[in-house]
Amino acid sequence: MPELPEVETICRGISQSILKRKISSVVIRNHKLRWPIPKNLPQVLSGQSIQTIKRRGKYILLETKIGTLIIHLGMSGNLRIKPKEHVFGKHEHVNIVFGDKLALCYNDPRRFGAILWTIKNPLEHALLKNLGPEPLERNFTAQYLFDRAKRCHAPIKQFIMNSKVVVGVGNIYANEALFAAKINPVQKANTITLKRYQLLTKKTKELLRYAIKHGGTTIKDYSDSQGRKGSFQNKLRVYGREGQFCINCKTKLACIRLGQRSTVFCPHCQIES
DNA sequence: ACTTCGACCTGTTGGC
DNA sequence: TGCCAACAGGTCGAAG
């Protein structure tokens with residue numbers, strides 16, 4: 001479900017409701033996510049309050065004074081703010097209850113997501129310590145990508161979807177960014193010029209900022225912490241449009257498989273060079 | 001040190 | 001209508 005803009009939207013949405021509020025209880029209905037949820041989480045979290053909320057890539061970091069809750073939404077996960085008393089959804093595995101009114105509800109049908117606890121600096125956690133730069137920060141530059149790509153023979157699409165290269169770019173935004181930068185998704189990362197990487201970094205930043213502004217992309221069932229759908233799906237130019245016509249040149253958009261993911265592109269605008 | 005592929009899950013859709 | 005295969009916003013870790 002969520003790529004960077006969706007996770008960012010969720011972080012912003014939950015912060016208004018839960019920041020500095022005291023956790024009164026934690027209910028776990030199913031421990032089995034990608035990794036088991038720590039059994040002692042209710043005891044550890046109860047009585048604490050969330051001091052800050054951060055995002056690193058697609059990870060949500062809820063920091064308390066004694067440690068940090070690391071949340072990943074996987075493919076189908078979602079976080080919602082609901083009244084404490086509510087009808088539990090079918091896949092609502094965890095509720096973190098704040099005071100006597102609100103609950104932060106983790107719902108994840110496929111259970112590819114994760115909820116972990118660390119008392120260390122979360123950025124040093126095994127899952128986070130090797131992540132690449134944030135695409136919206138200054139250190140995500142064309143020169144960085146160009147240098148990093150020198151030893152990479154993989155197609156550019158897989159290169160930019162690799163979280164060790166850059167975080168937050170999933171299948172939707174990888175397709176869109178490559179279209180915007182007129183790069184063929186199959187082209188080997190190490191054959192792309194610095195100039196082309198300049199266009200790619202610029203377009204990627206624009207795209208992600210624009211998507212955040214629109215509350216993310218709702219293809220099927222993504223919604224934010226208040227249950228609102230995003231609207232960026234109306235701005236997609238290639239993702240989900242295979243067989244339809246390119247908005248620039250009217251060529252029929254092609255669809256191939258790359259690293260087991262659907263890859264849509266315009267064979268005319270995105271020529272290998 | 002690289003890339004590729006299976007695995008983890010449930011739900012939905014489209015073809016026969 | 002039913003059944004089955006393919007696919008879906010992610011990514012780790014084993015195998016090559």
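Every chain is numbered from 1 and lettered A, B, ... according to where its sequence line falls, protein lines coming before strand lines.
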Side-chain N or O of A:K32 versus OP1/OP2 of B:dC9: is the shortest distance under 4.0 Å? no

Hydrophobic clustering (ILVMFWY, side-chain heavy atoms < 4.5 Å, transitive) - are A:L116 and A:L123 grouped together? yes

Regarding A:K164, tell me which of base, sugar-phosphate or nothing describes its non-hydrogen contacts under 4.0 Å with the strands shown. nothing

Derivation of the salt bridge (Lys or Arg N to Asp or Glu O under 4.0 Å) call for A:K235 and A:E176: CA-CA 10 Å; A:K235 311 282 179 186; A:E176 294 297 316; over 6 Å; no

Looking at the side chain of A:P109, which of B:dG11, C:dC12, C:dG10 is the nearest nucleotide? B:dG11

Establish, with yes or no, whether the OP1 or OP2 oxygen of C:dG9 is under 4.0 angstrom from a side-chain nitrogen or oxygen of A:Y239. yes

Give A:L127 one of three labels, base, sugar-phosphate or nothing, depending on what nucleic acid heavy atoms sit under 4.0 Å from its own. sugar-phosphate

Tell me whether the side-chain N or O atoms of A:R111 pair up with the base of B:dT10 as donor and acceptor below 3.5 Å, since no angle test is needed here. no

May I ask you to evaluate whether A:H72 reaches the phosphate of C:dT11, defined as a side-chain N or O under 4.0 Å from OP1 or OP2? yes

Rounded to whole Å, please give me the gap between CZ in A:R261 and P in C:dA8. 7 Å

Using only heavy-atom distances, decide whether a donor-acceptor pair under 3.5 angstrom links the side-chain of A:Q260 to the base of B:dG6. yes

Gap in Å between the two C1' atoms, one belonging to C:dG9 and one to B:dT3, rounded: 23 Å

Any base atoms under 4.0 Å from A:R151, or only sugar-phosphate, or nothing? Heavy atoms, all strands. sugar-phosphate

When you compare the side chains of A:T9 and A:R228, does any donor N or O come within less than 3.5 Å of an acceptor on the partner? no

Could you state the atom-to-atom distance from CD1 of A:I60 to P of C:dG10 in whole Å? 14 Å

Write down the distance between CZ (A:R257) and P (B:dG6), rounded to a whole number of angstrom. 12 Å

How would you label the contact of A:F232 with the nucleic acid (heavy atoms, under 4.0 Å): base, sugar-phosphate, or nothing? nothing

Separation of B:dC9 P from A:D108 CG (nearest whole Å): 12 Å

Look at all strands and tell whether A:S76 reaches a base, only sugar-phosphate, or nothing, counting heavy atoms closer than 4.0 Å. nothing

Would you mind classifying the nucleic acid contact of A:F159 as base, sugar-phosphate or nothing, using non-hydrogen atoms under 4.0 angstrom? nothing

Pairwise C1' distance, B:dT12 and C:dT11 [rounded to whole Å]: 23 Å

Output the rounded distance in Å from NZ (A:K157) to C1' (B:dT4). 15 Å

What's the CZ-P distance between A:F112 and C:dA8, to the nearest Å? 13 Å

Crowded around A:H125 NE2? As in, over 12 foreign heavy atoms under 6.0 Å? yes

Phosphate contact (C:dG9 OP1 or OP2) by A:Q233 side-chain N/O below 4.0 Å: no

If you compare every side-chain N and O of A:K220 against the phosphate oxygens of C:dA8 (OP1, OP2), does one of them come in below 4.0 Å? no

Considering every strand shown, what is the Watson-Crick or G-U wobble mate of B:dT13 when both distances are under 3.5 Å? C:dA5

A:H91 NE2 to C:dA8 C1': how many Å, rounded? 14 Å

Tell me the interatomic distance from A:N130, atom CG, to B:dA1, atom P, rounded to whole angstroms. 12 Å

Please state whether the rings of A:H93 and A:Y106 are parallel, tilted or perpendicular, taking 30° and 60° as the class boundaries. tilted

Earlier contact from the 5' end, DNA chain C, for A:E6 and A:R34: A:E6

Relative to the ring of A:Y210, is the ring of A:F232 parallel (under 30°), tilted (30 to 60°) or perpendicular (over 60°)? perpendicular

Closest to the A:R110 side chain: B:dT10, C:dC12, B:dT3? B:dT10

Classify the nucleic acid contact of A:D221 as base, sugar-phosphate or nothing, counting any heavy atom under 4.0 Å across all strands shown. base

Distance alone, cut at 3.5 Å: any donor-acceptor contact between the side chains of A:Q51 and A:S49? yes

